[in-house]
Amino acid sequence: MIKIAPSILSCDFSKIGEEVERIDKCGADYIHIDVMDGHFVPNITFGAPVVKCFRKCTDKVFDCHLMISDPLKYAEDFAKAGADIINFHVESDSPVQETIDKILSLGCKAGLTVKPKTPIEEVYPYLDKLSMVLVMTVEPGFGGQKFMADMMEKVSKLRAKADEMGLDLEIQVDGGIGLETAPVAIKAGADVLVAGSAVFGAEDTAGMISALRG
Ligand code: DX5
Ligand code: ZN
């Protein structure tokens, strides 16, 4: 079953609470929350206090994508704010294993994310503790960028590795997902699709979410 995780980065920030409620009602599986610190990526979004406010709007799974330099330092804040899955970058400054252990000790699921230039093999040593690996299909920082089809090789390799290890791993893709690219990612082995502009730019939000699922 393919899951759709709309990224609220592309929603109308003047009514963000209503937007979170709306995508919940329109059939989103996860709510993808892009946290950027202006240091790890050249953009700033929001922190844990804001995520805590979203928590009042829905019971849906919060998939927090931390594009921040020190996820170990802030993991607890996001867990307390209501995150269910905490994804952080293997390229961050925090020690990877320690950060995963911290996230798990907080009762959240751990996800590890790779930027386009990072080889997928970098996540292999941690796979048995992870619920999800997020393969970026754009350079992190902004919505509305073009899907990098050459990332699909990483997705297929990872799916084969997870199958070989007998793991029930979710593989998420993030960036440039729309009606044309979703089937490409699904074919490669992705089962959680983040979509920002495709979902929030659609007139029929529920129709788009269901169409992306294929
Ligand atoms: C980019 C973010 C993405 C982004 C996706 O750094 O991680 O989640 O919002 O937006 P679209 O779907 O518009 O590429
Ligand atoms: Zn994201």
Side-chain angles (χ1 to χ4, degrees), residues 3 5-9 20 28-136 139-141 154-155 158-159 161-162 165-175 190-192 194:
K3 295 191 173 92
S7 162
I8 54 165
L9 187 61
V20 170
D29 297 287
Y30 296 164
I31 312 281
H32 186 82
I33 303 176
D34 287 306
V35 176
M36 306 186 189
D37 65 356
H39 187 252
F40 184 76
V41 286
N43 195 7
I44 301 176
T45 55
F46 29 69
V50 180
V51 174
K52 191 175 175 186
C53 293
F54 300 157
R55 195 68 285 180
K56 293 181 198 151
C57 307
T58 174
D59 293 329
K60 274 275 142 73
V61 170
F62 275 3
D63 164 34
C64 288
H65 175 195
L66 303 186
M67 286 161 273
I68 66 177
S69 295
D70 194 355
L72 179 58
K73 182 173 173 188
Y74 294 100
E76 187 164 1
D77 290 355
F78 286 97
K80 284 187 177 154
D84 298 290
I85 304 167
I86 299 184
N87 266 298
F88 69 101
H89 277 259
V90 73
E91 309 88 356
S92 81
D93 295 338
S94 301
V96 176
Q97 190 63 60
E98 202 182 324
T99 307
I100 293 171
D101 293 343
K102 176 82 180 176
I103 292 169
L104 297 177
S105 77
L106 292 162
C108 295
K109 290 183 175 176
L112 196 54
T113 307
V114 286
K115 292 208 253 184
K117 291 191 185 76
T118 305
I120 196 62
E121 288 77 9
E122 290 204 15
V123 307
Y124 288 3
Y126 312 102
L127 283 179
D128 58 336
K129 293 276 180 68
L130 298 172
S131 299
M132 178 189 279
V133 170
L134 165 49
V135 178
M136 291 303 300
E139 284 297 338
K154 295 201 305 196
V155 172
L158 177 62
R159 180 53 76 203
K161 179 75 180 172
M165 292 173 73
L167 299 173
D168 184 17
L169 180 76
E170 288 193 320
I171 303 181
Q172 186 176 52
V173 283
D174 183 8
D191 53 4
V192 185
V194 176

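Just so you know, these numbers come straight off a predicted model, no measurement behind them.
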- Task: Apply side chain to side chain contact (heavy atoms under 4.5 Å, CB included) to the pair D70 and D93, showing each step before the final yes or no.
- Result: CA-CA 6 Å; D70 194 355; D93 295 338; 5.6 Å; no
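- Shortest non-hydrogen contact noted between D63 and A5 is OD2-CB, 4.2 Å.
- From K3, atom NZ reaches atom CD of Q172 across 10.5 Å, with rounding to the nearest 0.5 Å.
- Across every non-hydrogen atom of L66 and P71, the tightest pair is CD1-CB, 4.3 Å.
- Residue I86 holds its CD1 atom at 12.0 Å from CD1 of I100, rounded to the nearest 0.5 Å.
- Other residues, nucleotides and ligands contribute at most 12 non-hydrogen atoms within 6.0 Å of the OH atom of Y74.
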- Candidate pair D174 and N87, rule side chain to side chain contact (heavy atoms under 4.5 Å, CB included), full reasoning: CA-CA 12 Å; D174 183 8; N87 266 298; over 6 Å; no
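- Side-chain atoms of D34 and H32 form a donor-acceptor pair, as typed in the model, at a separation below 3.5 Å.
- Taken from CD1 in I103 to CD in E76, the straight-line distance is 12.0 Å, to the nearest 0.5 Å.
- When atom types are taken as modelled, the side chain of N43 and the backbone of M36 share no donor-acceptor pair closer than 3.5 angstrom.
- The heavy-atom pair separating S92 from S69 by the smallest distance is CB-O, 3.6 Å.
- Residue K73 holds its NZ atom at 13.0 Å from OG1 of T99, rounded to the nearest 0.5 Å.
- In this structure, F78 has its ring center no closer than 6.0 Å to that of F88.
- Between the side chain of K60 and the backbone N or O of A28 there is at least one donor-acceptor pair closer than 3.5 Å.
- Distance check, rounded to the nearest 0.5 Å: CD1 of I33 to CG of L9 gives 11.5 Å.
- Contacts classified as side chain to side chain donor-acceptor pair (under 3.5 Å) and involving residues 120-134 (residues at least two apart or in different chains) are given here: E121-K157.
- Between K102 and E98 there is no salt bridge, since none of the side-chain N atoms of the basic residue sits less than 4.0 Å from a carboxylate O of the acidic one.
- Using a 4.0 Å cut-off between charged nitrogen and carboxylate oxygen, E170 and K109 do not count as a salt-bridge pair.
- Ion pair D77/K52 not flagged as a salt bridge, since none of the NZ, NE, NH1 or NH2 atoms sits closer than 4.0 Å to an Asp/Glu carboxylate oxygen.
- Using bins of under 30°, 30° to 60° and over 60° for the plane-to-plane angle, the ring pair H89/F40 lands in the tilted bin.
- In terms of heavy-atom proximity, V123 sits nearest to V114 at CG1-CG1, 3.6 Å.
- The closest donor-acceptor contact from the side chain of R159 to the backbone of L169 lies under 3.5 Å.
- The minimum heavy-atom distance between V135 and K154, with the atom names listed, is CG1-CE, 4.0 Å.
- When every heavy atom of V41 is checked against every heavy atom of P140, the shortest pair comes out as CG1-O, 3.6 Å.
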- Task: May I have the step-by-step check of side chain to side chain contact (heavy atoms under 4.5 Å, CB included) for V51 and F62, ending in yes or no?
- Result: CA-CA 9 Å; V51 174; F62 275 3; 4.0 Å; yes
- Item | Verdict with reasoning, L127 to L158, per side chain to side chain contact (heavy atoms under 4.5 Å, CB included) | CA-CA 10 Å; L127 283 179; L158 177 62; 4.0 Å; yes
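- Of the inter-residue distances, the one linking H39 atom NE2 with I68 atom CD1 reads 11.5 Å to the nearest 0.5 angstrom.
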